[in-house]
S.K.: 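Pasting a structure below so you can have a look.
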Amino acid sequence: GMLDEIEKLYDKLKIISDNFLDYKKRNDLVPVQACLKEIQGFSVWFMQENHLENNETEWKMLSEKLIEILQDIVQAIEQQDYVLMHDAITYGMMEYLRIFLPNNVRETK
């Protein structure tokens, strides 16, 4: 199901994120491109309906922010900008995936 997909994608992005810290690997955006279908799949799933227990307003806000993150990822690939990509993946996409990870301890219940 989707939650398995999310976990797999998170693990892939974690490796990519760690590689951004290695200056030999960080210019290589191919691994991110390899994940684009999964990133897109997650994003569509996220935006199609409110999977969060919290209110609609927050979900709409998060959905808008997610669109910005996706635009950053596309722009980073076009411009081969690994700094933008690092931010979009590490502080963007991974944060969204983390919401749904089973081992995620959420402060607010």
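Only this structure's heavy atoms are used, side chains among them; waters, hydrogens and symmetry mates stay out.
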S.K.: Would you please name every residue forming a side chain to side chain contact (heavy atoms under 4.5 Å, CB included) with Leu84, sequence neighbours left out?
M.R.: Asp72, Gln75, Ala76, Asp81

S.K.: Mind checking the CG-NZ spacing from Leu3 to Lys8? Nearest 0.5 Å is all I need.
M.R.: 11.5 Å

S.K.: Taking only residues two or more places apart in sequence, or in another chain, which ones meet Lys25 in a salt bridge (charged side-chain N to carboxylate O under 4.0 Å, His left out)?
M.R.: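 Scan of Lys25 (salt bridge (charged side-chain N to carboxylate O under 4.0 Å, His left out), adjacent residues dropped) gives none.
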
S.K.: Mind checking what makes ring pair (Phe, Tyr, Trp, His ring centres under 6.0 Å) contact with Tyr10, not counting sequence neighbours?
M.R.: none

S.K.: Excluding sequence neighbours, so at least two apart, what forms side chain to side chain contact (heavy atoms under 4.5 Å, CB included) with Asp4?
M.R.: none

S.K.: Residues in side chain to side chain donor-acceptor pair (under 3.5 Å) with Gln40, at least two apart?
M.R.: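 For Gln40, no residue satisfies side chain to side chain donor-acceptor pair (under 3.5 Å) once neighbours in sequence are set aside.
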
S.K.: To check you understand the geometry: which heavy-atom pair defines the closest contact between His86 and Phe20, and what is its length?
M.R.: CD2-CB, 3.4 Å

S.K.: List the residues meeting side chain to side chain contact (heavy atoms under 4.5 Å, CB included) with Glu49, not counting sequence neighbours, and say none if there are none.
M.R.: His51

S.K.: Of the options Ile39, Asp11, Ile6, which is the one that meets Leu97 in a side chain to side chain contact (heavy atoms under 4.5 Å, CB included)?
M.R.: Ile6

S.K.: Tell me every residue that passes side chain to side chain donor-acceptor pair (under 3.5 Å) with Glu95, counting only those two or more places apart in sequence or in another chain.
M.R.: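 Checked Glu95 against side chain to side chain donor-acceptor pair (under 3.5 Å); matches are Arg98.
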
S.K.: Going by the rule ring pair (Phe, Tyr, Trp, His ring centres under 6.0 Å), which residues pair with Tyr96 if we only count those two or more places apart in sequence or in a different chain?
M.R.: Phe46

S.K.: Rounded to the nearest 0.5 Å, how far does CD of Glu58 lie from OG of Ser63?
M.R.: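 Here the interatomic distance stands at 10.5 Å.
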
S.K.: Let me confirm one number: the CE-CD1 distance from Met93 to Ile69, rounded to the nearest 0.5 Å.
M.R.: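 Between Met93 CE and Ile69 CD1, I get 6.0 Å after rounding to 0.5 Å.
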
S.K.: Identify, with sequence neighbours excluded, every residue that meets salt bridge (charged side-chain N to carboxylate O under 4.0 Å, His left out) alongside Lys65.
M.R.: none

S.K.: Supply the atom-to-atom distance Ser43 OG to Leu36 CG, rounded to the nearest 0.5 angstrom.
M.R.: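 Reported value, rounded in 0.5 Å steps: 10.0 Å.
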
S.K.: Return the NZ to CG distance between Lys60 and Asn55, rounded to the nearest 0.5 Å.
M.R.: 9.5 Å

S.K.: Listed by chain and number, what are the side chain to side chain donor-acceptor pair (under 3.5 Å) partners of Asp18, not counting sequence neighbours?
M.R.: Lys14

S.K.: So, taking the atom named OH in Tyr82 and the one named CD1 in Ile89, what distance separates them when rounded to the nearest 0.5 Å?
M.R.: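 Reported to 0.5 Å precision, the distance equals 15.5 Å.
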
S.K.: What residues, two or more places apart in sequence or in another chain, satisfy side chain to side chain donor-acceptor pair (under 3.5 Å) together with Ser17?
M.R.: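 If we apply the side chain to side chain donor-acceptor pair (under 3.5 Å) test to Ser17, skipping adjacent residues, the hits are Thr90.
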
S.K.: Please list, chain by chain and in numerical order, all residues satisfying side chain to side chain contact (heavy atoms under 4.5 Å, CB included) with Met61, sequence neighbours excluded.
M.R.: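 Scan of Met61 (side chain to side chain contact (heavy atoms under 4.5 Å, CB included), adjacent residues dropped) gives none.
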
